[in-house]
Amino acid sequence: MKRDAARTLTRYCRERLDRQLRAVFVYERDSHEVMHMREDLRSEYETGDFDRFAAAAWDIHESLHTSGMNQSTLGRQLSTVQVFENAYAFQFPGWEGGGVVATFDRTVGTQLHSFIENCWREIVGEQQ
């Protein structure tokens with residue numbers, strides 16, 4: 001089921017976003033599996049990168065479940081979004097013991113990225 005969920009997500013994202021999809025991986029407490037990696041990015045990732053990504057995804061997953069955020073008045077949590085300088089990471093906590101992460105080029109959310117950067121500058125006091 002977990003692999004099927006990642007394959008379905010990969011297919012959906014490739015149909016809609018094509019080359020903006022960077023990678024998709026499934027994570028659990030002690031394991032992960034890369035289900036999709038865009039060919040031109042393969043050389044950019046070092047050994048152990050996905051080990052670290054999966055460990056971070058698990059930490060977020062676990063903190064959301066233990067904090068009770070999944071049962072908040074905001075409703076069921078659908079995803080978390082991490083924003084990096086060059087990419088977005090969408091984490092879908094699909095089941096109690098794990099989920100799926102999909103990463104995208106920053107162009108997938110240009111307006112959102114600009115808004116987040118402007119908020120960040122306001123918070124830290126950086127001038128544009």
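From a predicted model like this one, the values you see are computed outputs, not experimental measurements.
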Exercise for the section: Answer yes if L17 and F92 sit in the same cluster of Ile, Leu, Val, Met, Phe, Trp and Tyr residues linked by side chain heavy atoms under 4.5 Å apart, and no otherwise. Expected result: yes
Practice task
Measure from the side-chain N and O atoms of Q91 to the backbone N and O of V101, and report whether any donor-acceptor pair falls under 3.5 Å.
Solution key: no
Exercise for the section: Indicate the atoms forming the closest heavy-atom contact of P93 with Y27, along with that distance. Expected result: CA-OH, 3.8 Å
Practice task
Go through H36 and R7 one step at a time and tell me if the side-chain contact (heavy atoms from CB on, under 4.5 Å) criterion holds.
Solution key: CA-CA 8 Å; H36 169 79; R7 284 186 198 104; over 6 Å; no
Handout entry: Basic-acidic side-chain contact under 4.0 Å: R19, D40
Key = yes
Handout entry: Validation row: E28, H61 side chains within 4.5 angstrom (heavy atoms)
Key = no
Exercise for the section: Decide, yes or no, whether a salt bridge links R3 with E33 under the criterion of side-chain N to carboxylate O below 4.0 Å. Expected result: yes
Completion exercise
Tracing side-chain contacts under 4.5 Å among Ile, Leu, Val, Met, Phe, Trp and Tyr outward from F84 reaches none
Practice task
Treating Ile, Leu, Val, Met, Phe, Trp and Tyr as nodes and any side-chain heavy-atom pair under 4.5 angstrom as an edge, say whether V100 and L21 lie in one connected cluster.
Solution key: yes
Practice task
Keeping the roles fixed (side chain from S63, backbone from I60), state whether a donor-acceptor pair exists under 3.5 Å.
Solution key: yes
Problem - Side chain proximity check, V81 to Y88, heavy atoms < 4.5 angstrom - result: yes
Fill in the blank from the handout: Heavy-atom nearest pair, A6 first then M35, reads CB-CG, 3.5 Å
Practice task
Is it possible for you to say whether V26 and L41 belong to one hydrophobic cluster, with membership spreading through side-chain heavy-atom contacts below 4.5 Å?
Solution key: no
Completion exercise
Heavy atoms of V24 and A102 approach each other most closely as CG2-CB, 4.1 Å
Handout entry: Y45 atom OH, over 12 foreign heavy atoms within 6.0 Å
Key = yes
Completion exercise
So OG1 of T10 and CD of E15: to nearest 0.5 Å the spacing works out to 11.0 Å
Practice task
Would you indicate whether the side-chain heavy atoms of H32 and F53 approach each other to under 4.5 Å?
Solution key: no
Problem - Nearest non-hydrogen partners of T110 and T107, listed with the distance - result: OG1-O, 3.2 Å
Handout entry: Ion pair R38/D105, N-O distance below 4.0 Å
Key = yes
Exercise for the section: List in chain and number order the residues that pass side chain to side chain donor-acceptor pair (under 3.5 Å) with D18, two or more places apart in sequence or in another chain; answer none if no residue qualifies. Expected result: none
Exercise for the section: Search all heavy atoms of A54 against all heavy atoms of F25 and return the closest pair with its distance. Expected result: CA-CE1, 3.8 Å
Problem - A23 backbone acceptor or donor facing T103 side chain under 3.5 Å - result: yes
Exercise for the section: Check whether any side-chain N or O of R42 sits under 3.5 Å from a backbone N or O of M37 as a donor-acceptor pair, and report yes or no. Expected result: yes
Handout entry: Enclosure of E85 CD (heavy-atom neighbours >12, cutoff 6.0 Å)
Key = no
